[in-house]
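Right, one structure below, let's go through it.
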Amino acid sequence: TLAVYCSSWTYFGAVGTAAKNAWAYLPIYLGPLLLFVLGTPLLRKLVRVGARQKTTSIADFIGSRYGKRQGLAALVAIVAVVGSMPYIALQLKAVSLAWDTVAGTISSDQIGGYQPDSALITAILLAIFSMVFGTRHLEGRERNRGMMGALAVESLVKLVAFIAIGIFALILATKIDSSEIIRSEILLGSWMENPVDARFITTGLLAMLAIICLPRQFHVTVVEHQDDRDLRMASWLFPLYLLIVSAVVLPITLVGQQLFSGSGVAPDTYVLNLSMSGSTGYLTALAFIGGFSAATGMVIVAAVTLSIMVSNEIVLPVLLRWRKENFRQADFLGKYLRWIRRGSILVLLVASWAMNQMLVKDEGLASIGLISFACFAQLAPALIGGIYWRKAHALGVYAGLAVGFLFWWYCLLLPSLLATGDPLL
């Protein structure tokens, strides 16, 4: 079940990145792979401290490591919510792209002149599903083994779909002359001059930090941790998973470039367009199901995890100060806690849909994902320092998070929301 560690946006986004540069997608996988191969002591320390503290989220973990500061936990929760919105928005965008690609032959006249917003419909349906099945349990450790099992199935479905499309791409490569594009992209590409540049290192580092700092990944790694066997299995199963996925991306990308270059087909839709070029609809259905399950699985876990942070670290502390007598009663608190989390899920997904509408239309899926990764990288010093640095002070974490978050908002998020899309850095 540890395949759920894999970031779901790689199903479409990494292909889009690789289509621009055959070397560019590698750090997305290389960073997490190196962390699980070489950083096992860090992960082991992280899960053991989390188990000892009965951690419920990354906000709770960081707040507890710096003197149980509620204000610090609330700040981390705010950063996590805002940083997750582009990540959720890209999942909604991926689903919308998939619907538009598969249903591209349907005109608005055929459906009464109205074109439904597939991203909004998906957001509402996922909000309902998350509210119904993700807020049933309110126990202290916030574990949900049923949800983890569903994510494991989702990851396997995604992997099977990816492998099937990769095999189909290899079959197509034997029927078309791909030697020239393979020669230009792999053997003589511009990356050969300087394969490991600043962008390569930065992308790999962001991906490495995201695998433990994203609320969804932290929840799977720390909160859902059962025993040391989980980590031992992850140290070889997760790198193997990433190696298979990265190997499949290359033939899909190269054949997609050969078939769709100059045709106006977005690289992020190569997976679906390749499957649709086959003579049977089964491969298209499998590709769509794989991408849809990857996106929805990520959104559901992220929404549930963030709702726990919002309720535990922001809303409940305010309510407990406002009406201490009522909210200190277990039955009364449990009743309100469930509705607080459901409301948080709904607001988060609707806000992410609104951000999806505001994002620059030609922004690639992988680029949007890296924006979120850059935000969560701000949490890494506090997270790692809380484990190893005994003299670390909460004031330093406050200052670092505040300054880093403001720079991220101004230099990365804001340009992506502006119509021009011109980066400031």
Can you see which heavy atom on [X] is nearest to which on [Y], and at what distance?
| X | Y | answer |
| --- | --- | --- |
| Val248 | Gly166 | CG1-CA, 3.8 Å |
| Ser311 | Pro317 | O-CD, 4.1 Å |
| Gly386 | Tyr66 | N-OH, 3.0 Å |
| Thr55 | Val223 | O-CG2, 3.8 Å |
| Leu379 | Cys213 | CD1-O, 4.1 Å |
| Ser372 | Pro86 | OG-CB, 3.5 Å |

Mind checking whether [X] and [Y] have side chains closer than 4.5 Å, heavy atoms only?
| X | Y | value |
| --- | --- | --- |
| Met309 | Leu306 | yes |
| Ile371 | Ser416 | yes |
| Leu348 | Ser344 | no |
| Tyr87 | Met298 | yes |
| Ile252 | Phe162 | yes |
| Phe407 | Gln378 | no |
| Val49 | Gln53 | yes |
| Tyr282 | Leu286 | no |

For [Y], does its backbone N or O pair with a side-chain atom of [X] as donor and acceptor, under 3.5 Å?
| X | Y | answer |
| --- | --- | --- |
| Ser84 | Val81 | no |
| Asp60 | Thr56 | yes |
| Ser246 | Leu243 | yes |
| Thr202 | Arg199 | no |
| Gln217 | Ala210 | no |

_CA sep, side-chain torsions, deciding dist, call: Phe376, Leu209, side-chain contact (heavy atoms from CB on, under 4.5 Å)_ = CA-CA 8 Å; Phe376 288 108; Leu209 297 177; over 6 Å; no
*asked:* Between Leu383 and Leu46, does the side-chain contact (heavy atoms from CB on, under 4.5 Å) criterion hold? Intermediate values first, please.
replied: CA-CA 9 Å; Leu383 183 68; Leu46 186 65; 4.0 Å; yes
*Taking the six-membered ring for Trp and the single ring otherwise, decide whether the centroids of Phe61 and Phe218 are under 6.0 Å apart.*
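Ring centres of Phe218 and Phe61 closer than 6.0 Å.
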In Å and rounded to the nearest 0.5 Å, what is the [atom1] to [atom2] distance from [X] to [Y]?
| X | Y | atom1 | atom2 | result |
| --- | --- | --- | --- | --- |
| Ile345 | Ile128 | CD1 | CD1 | 11.5 Å |
| Leu75 | Arg69 | CG | CZ | 12.5 Å |
| Leu346 | Ser130 | CG | OG | 10.5 Å |
| Leu126 | Met131 | CG | CE | 10.5 Å |
| Arg48 | Leu231 | CZ | CG | 8.5 Å |
| Leu401 | Leu406 | CG | CG | 10.5 Å |

*Start with the C-alpha distance between Val245 and Tyr29, add both sets of side-chain angles, then the distance that settles side-chain contact (heavy atoms from CB on, under 4.5 Å), and finish with yes or no.*
CA-CA 9 Å; Val245 173; Tyr29 303 105; 3.5 Å; yes
*Dump the intermediate steps for side-chain contact (heavy atoms from CB on, under 4.5 Å) on Tyr388 and Leu42, then the final yes or no.*
CA-CA 9 Å; Tyr388 292 105; Leu42 169 64; 3.6 Å; yes
*What residue among Leu33, Leu30, Ile28, Leu237 forms side-chain contact (heavy atoms from CB on, under 4.5 Å) with Leu242?*
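Exactly one option meets the side-chain contact (heavy atoms from CB on, under 4.5 Å) with Leu242, and it is Leu33.
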*asked:* Under the side-chain contact (heavy atoms from CB on, under 4.5 Å) test against Ser235, which residue among Leu43, Thr40, Leu38 passes?
replied: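 Option passing the side-chain contact (heavy atoms from CB on, under 4.5 Å) with Ser235: Thr40.
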*Classify the side-chain pair Thr305/Arg216 by whether it contains a donor and acceptor separated by less than 3.5 Å.*
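No - no donor-acceptor pair under 3.5 Å links their side chains.
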*For Ile314, enumerate each residue passing the side-chain contact (heavy atoms from CB on, under 4.5 Å) test, keeping only those at least two apart in sequence or located in another chain.*
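For Ile314 the side-chain contact (heavy atoms from CB on, under 4.5 Å) partners, ignoring immediate neighbours, are Ala74, Ala77, Ile78.
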